[in-house]
Amino acid sequence: MTGGELCASCGAEVGRTRDGLCPECWYSAPERPKPVRDRFEKLRALEAAGYEPFAYGFEVTDSLRGARERHQAQSTGAPDEEMRVRVAGRILSLRDLGGSAFAHLGDRDGRLQVYFKRNVLSERDAALLDLLDLGDWIGVSGALFTTRTGELTVRVEELVLLAKTLRPLPLGKEEVTGDGERVVHGGFSDRESRYRQRYADLAVNPEVRRMFALRTRIVSGLRAFLDARGFLEVETPILQPLYGGAAARPFTTHHHALDTRLYLRIADELYLKRLLVGNLERVYEIGKDFRNESIDRTHNPEFTMLELYQALADYRTMMELTEEMVTTVLGEACGTLRLSWEGREVDLTPPWRRVPYRELVLEEAGVDIASASDGELRRAAREAGREDAASLSRPALVDALFSAKVEPGLVAPTIVYDYPIEMSPFAKPKRGDPTLAERFEVVVGGHELVNAFSELNDPVDQWRRFAEQAARREAGDEEAQGFDEDYLRALEYGLPPTGGLGMGVDRLVMLAAGQDAIREVILYPILRPGEEA
RNA sequence: GCGCCGCUAGCUCAACUGGCAGAGCAACGGACUCUUAAUCCGUAGGUUCUAGGUUCGAUUCCUAGGCGGCGCACCA
């Protein structure tokens with residue numbers, strides 16, 4: 001007697017019921033869709049007949065794609081060669097012709113037809129065939145042959161059930177047109193359902209699997225590129241007593257044992273630069289940052305950032321590095337540098353255009369930010385559609401102009417450099433012009449992709465910048481930097497001249513994959529908790 | 001946070017100015033031993049997102065809420 005809940009239908013004791021029911025009653029309840037009840041019945045029939053509906057493994061000779069490739073490599077053009085394979089996958093389609101049946105199996109990156117001929121199968125395997133459903137995982141062995149219609153197919157001699165599905169997958173029907181093009185009919189396309197049930201999305205939509213494989217290639221490519229140049233990959237704290245390195249509202253949490261407030265990092269910047277003080281002269285980190293801001297097509301509250309820092313370098317070095325890194329990695333991952341994003345052609349072929357920030361604002365907004373009065377800036381910002389121009393500070397006005405008039409038009413990759421220094425609390429002043437910072441951003445397809453600068457390494461100057469930020473914070477700007485004394489202490493030990501950059505990895509993947517929504521490139525994007533299925 | 005749009009069977013979608021809630025796929029029964037969006041015959045499947053309201057009658061109109069999509073604002 002453990003005091004578990006009782007099934008409202010059959011009275012069986014269960015640790016935890018669903019809708020008041022034990023598993024047996026729940027899967028058989030009339031509220032379940034018919035396909036679920038049918039499958040559960042088949043599951044019990046399988047068990048009764050001595051089949052193992054959830055196997056422990058299956059040795060294959062080839063992946064589905066591998067079988068096809070091996071066949072092609074060994075093929076001499078003669079018909080019906082005897083090449084035996086043992087393969088496994090999900091049943092994606094099933095056409096039962098009575099005495100025989102065809103099915104397509106799908107695995108992570110392949111698809112292969114299998115052919116069941118009842119008088120070839122053992123009685124036991126033939127009986128199993130009747131209990132299969134779309135979505136089930138099976139393993140088969142047999143010889144490859146080509147059907148009359150020319151499709152490579154396994155003639156199944158042995159059939160093994162690997163995992164029974166109790167819920168129908170939202171499979172569409174795939175048509176191969178005369179041109180060899182694949183058209184999916186029906187299918188699973190509702191964005192909300194796809195994000196909430198990403199497992200079903202992945203299982204059913206191979207292009208989604210391909211997209212995430214591309215993402216992985218890109219991230220691996222970034223690592224390989226940096227590792228080859230002597231950068232050390234490191235991990236810095238996600239839970240931080242002070243947040244900084246960017247302007248954003250943080251997530252807050254609490255540590256019980258220390259009884260202290262902690263923040264989820266909004267950037268890696270300050271911890272990474274401390275490592276250069278410690279003579280780890282080239283470091284990078286690829287990890288999640290967290291910003292407690294709204295969610296839209298290009299923003300998810302947790303997102304992946306690459307930050308890297310290189311000693312004895314400045315922002316010019318970073319321009320070279322960025323251009324080479326992005327073109328190398330995307331070139332390898334995508335096979336081309338001519339991409340299409342949000343309906344526009346984006347050609348990443350280097351060299352990228354480099355333009356001073358001030359010049360772009362002058363060109364596109366008609367305002368010289370070096371000489372314009374506050375009033376002129378305000379007027380221009382209002383013309384650009386900013387109703388709240390009257391309440392904005394000078395740097396905010398300039399930024400509003402840039403965002404509204406300049407950024408959307410920068411389709412080809414553009415290195416925008418020399419930002420106003422007020423907007424850049426961690427960047428060194430520009431040599432020869434202390435009103436500017438040695439900072440650049442890369443804008444592609446109208447979106448900011450990279451932010452980089454010659455890192456500020458003068459502790460006294462950094463102190464003043466922190467003080468300005470602190471004043472802003474006291475004035476109610478929640479996104480202003482906190483005053484980080486430990487970081488100042490680190491700078492006092494001597495940060496070498498350093499170039500650093502941050503790149504939004506999700507956006508890089510969006511660009512590479514031609515996706516218009518960040519949620520398409522994040523496996524589990526944030527959603528409001530929804531109803532249970 | 002604001003505005004617009006959406007939510008109907010497991011999936012993809014219909015249902016006119018308010019009048020018995022439908023189709024295709026999937027499922028189930030049957031036929032078919034080279035099919036491929038297989039085909040043919042038959043069957044079953046619904047809290048129309050939720051709660052109120054108007055009405056003889058609401059998937060449809062109204063109010064509030066939930067979730068989502070798109071846009072704006074925010075995100076230096």
Side-chain angles (χ1 to χ4, degrees), chain A residues 30-39 41-42 92-104 111 113-121 126 133-135 145-151 153 155 165-177 182-197 200 204 246-249 266 291-301 303 385-388 392-393 395-400 402-403 419-420 422-427 437 439 441 448 451 469 472 477-481 504 516-517 519 527-531 533:
Chain A
E31 288 78 27
R32 261 5 97 219
K34 182 88 174 349
V36 171
R37 281 177 283 150
D38 290 339
R39 280 159 193 250
E41 241 175 71
K42 287 183 191 171
L92 300 182
S93 69
L94 187 56
R95 293 173 293 282
D96 193 339
L97 305 172
S100 67
F102 287 89
H104 274 106
R111 185 181 168 93
Q113 183 169 260
V114 297
Y115 176 53
F116 302 100
K117 202 168 181 177
R118 283 183 194 271
N119 56 16
V120 168
L121 295 175
D133 284 297
L134 292 181
F145 74 106
T146 303
T147 62
R148 214 162 51 192
T149 48
E151 181 162 354
T153 302
R155 190 190 316 271
T165 47
L166 287 185
R167 195 182 277 268
L169 277 170
L171 282 163
K173 287 208 154 189
E174 194 166 291
E175 176 189 13
V176 181
T177 65
R182 305 210 142 173
V183 187
V184 176
H185 301 270
F188 190 46
S189 54
D190 179 69
R191 282 195 187 220
E192 179 180 0
S193 308
R194 287 181 46 237
Y195 299 153
R196 285 195 194 280
Q197 301 186 44
V204 146
R249 290 172 59 186
I266 59 171
R291 298 187 183 174
N292 208 337
E293 315 271 0
S294 66
I295 300 164
D296 65 23
R297 235 163 32 98
T298 55
H299 296 85
N300 194 63
F303 61 100
R386 288 300 291 253
E387 309 288 336
D388 57 345
L392 295 180
S393 65
L397 284 168
V398 172
D399 188 57
F402 185 80
S403 302
Y419 278 62
E422 302 87 351
M423 299 160 59
S424 317
F426 296 106
R439 167 182 174 195
E441 288 193 0
E448 177 195 329
N451 184 21
Q469 294 286 319
R472 271 193 220 174
D477 183 353
E478 218 181 324
E479 296 181 347
Q481 296 294 317
D516 61 356
R519 289 174 157 191
L527 294 170
R528 279 202 168 80
E531 289 173 37

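Every chain is numbered from 1 and lettered A, B, ... according to where its sequence line falls, protein lines coming before strand lines.
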Inset, instruction - Please list, chain by chain and in numerical order, all residues satisfying ring-ring contact (aromatic ring centres under 6.0 Å, His included) with A/Phe116, sequence neighbours excluded. - result: none
Inset, instruction - Compare the minimum distances between each of B/rC34, B/rG10, B/rG69 and the side chain of A/Pro33, then state the nucleotide with the smallest one. - result: B/rG10
Legend entry - Interatomic distance at P, B/rA51 relative to B/rU59, whole Å: 12 Å
Legend entry - All side-chain hydrogen bond (donor to acceptor under 3.5 Å, both in side chains) counterparts of A/Arg39, not counting sequence neighbours: A/Thr165
Inset, instruction - Give a yes/no answer on whether the side chain of A/Arg148 brings an N or O atom under 4.0 Å of OP1 or OP2 in B/rC34. - result: no
Legend entry - Atom-pair distance (CG on A/Leu92; C1' on B/rA38), nearest Å: 16 Å
Inset, instruction - Remember a base hit wins even if backbone is also touched, and classify A/Pro420 as base, sugar-phosphate or nothing at under 4.0 Å, heavy atoms. - result: nothing
Inset, instruction - Indicate, with a heavy-atom threshold strictly under 4.0 Å, whether A/Ser403 touches base, sugar-phosphate, or nothing. - result: nothing
Inset, instruction - For A/Glu422, check salt bridge (charged side-chain N to carboxylate O under 4.0 Å, His left out) against everything at least two apart and list the hits. - result: none
Legend entry - Residues which pass ring-ring contact (aromatic ring centres under 6.0 Å, His included) with A/Phe102, listed by chain and number, not counting sequence neighbours: A/Tyr115
Inset, instruction - Using the test side-chain hydrogen bond (donor to acceptor under 3.5 Å, both in side chains), find all partners of A/Ser93 that sit at least two apart in sequence or belong to another chain. - result: A/Arg95, A/His104
Legend entry - Distance below 4.0 Å between A/Arg196 side-chain N/O and B/rG68 OP1 or OP2: yes
Atom pairs, N/O to N/O, protein against nucleotides 70-73 of chain B, distance under 3.5 Å?
from, atom 1, to, atom 2, distance (Å)
B/rG71, OP1, A/Arg297, NE, 3.3
B/rG71, OP2, A/Arg297, NE, 3.1
B/rA73, N1, A/Ser294, OG, 3.2

Legend entry - Residues which pass side-chain hydrogen bond (donor to acceptor under 3.5 Å, both in side chains) with A/Ser294, listed by chain and number, not counting sequence neighbours: none
Inset, instruction - For A/Arg472, enumerate each residue passing the side-chain hydrogen bond (donor to acceptor under 3.5 Å, both in side chains) test, keeping only those at least two apart in sequence or located in another chain. - result: none
Inset, instruction - Name all residues meeting the salt bridge (charged side-chain N to carboxylate O under 4.0 Å, His left out) criterion together with A/Lys42; count only those two or more places apart in sequence or in a different chain, and write none if there are none. - result: A/Asp133
Inset, instruction - Determine the contact category for A/Arg118: base if any of its heavy atoms lies under 4.0 Å from a base atom, sugar-phosphate if only primed atoms, P, OP1 or OP2 are that close, otherwise nothing. - result: nothing
Sort me out a list of protein N/O and nucleotides 25-29 of chain B N/O pairs below 3.5 Å, or just none if empty.
from, atom 1, to, atom 2, distance (Å)
B/rC25, O3', A/Lys173, NZ, 3.2
B/rA26, OP1, A/Lys173, NZ, 2.9
B/rA27, O2', A/Asp38, OD2, 2.2
B/rC28, OP1, A/Lys42, NZ, 2.4
B/rC28, O4', A/Lys34, NZ, 3.2

Inset, instruction - Please check the phosphate of B/rG69 (OP1 and OP2 only) for any side-chain N or O of A/Arg519 closer than 4.0 Å. - result: yes
Legend entry - Dot-bracket line, read 5' to 3' along RNA chain B, where crossing pairs take [ ] and | marks a partner on another strand, Watson-Crick or G-U under 3.5 Å: (((((((..((((.....[..)))).(((((.......))))).....(((((..]....))))))))))))....
Inset, instruction - Grab the CZ-C1' distance between A/Phe102 and B/rA37 for me, whole Å please. - result: 16 Å
Inset, instruction - Determine the interatomic distance between C1' on B/rG3 and the same-named atom on B/rA37; round to the nearest Å. - result: 41 Å
Inset, instruction - Return no unless some side-chain N or O of A/Arg167 is found under 4.0 Å from OP1 or OP2 of B/rG10. - result: no
Legend entry - Sidechain N-carboxylate O distance under 4.0 Å for A/Asp38, A/Arg167: no
Legend entry - Residues forming a side chain to side chain contact (heavy atoms under 4.5 Å, CB included) with A/Val183, sequence neighbours excluded: A/Glu175, A/Thr177, A/His185
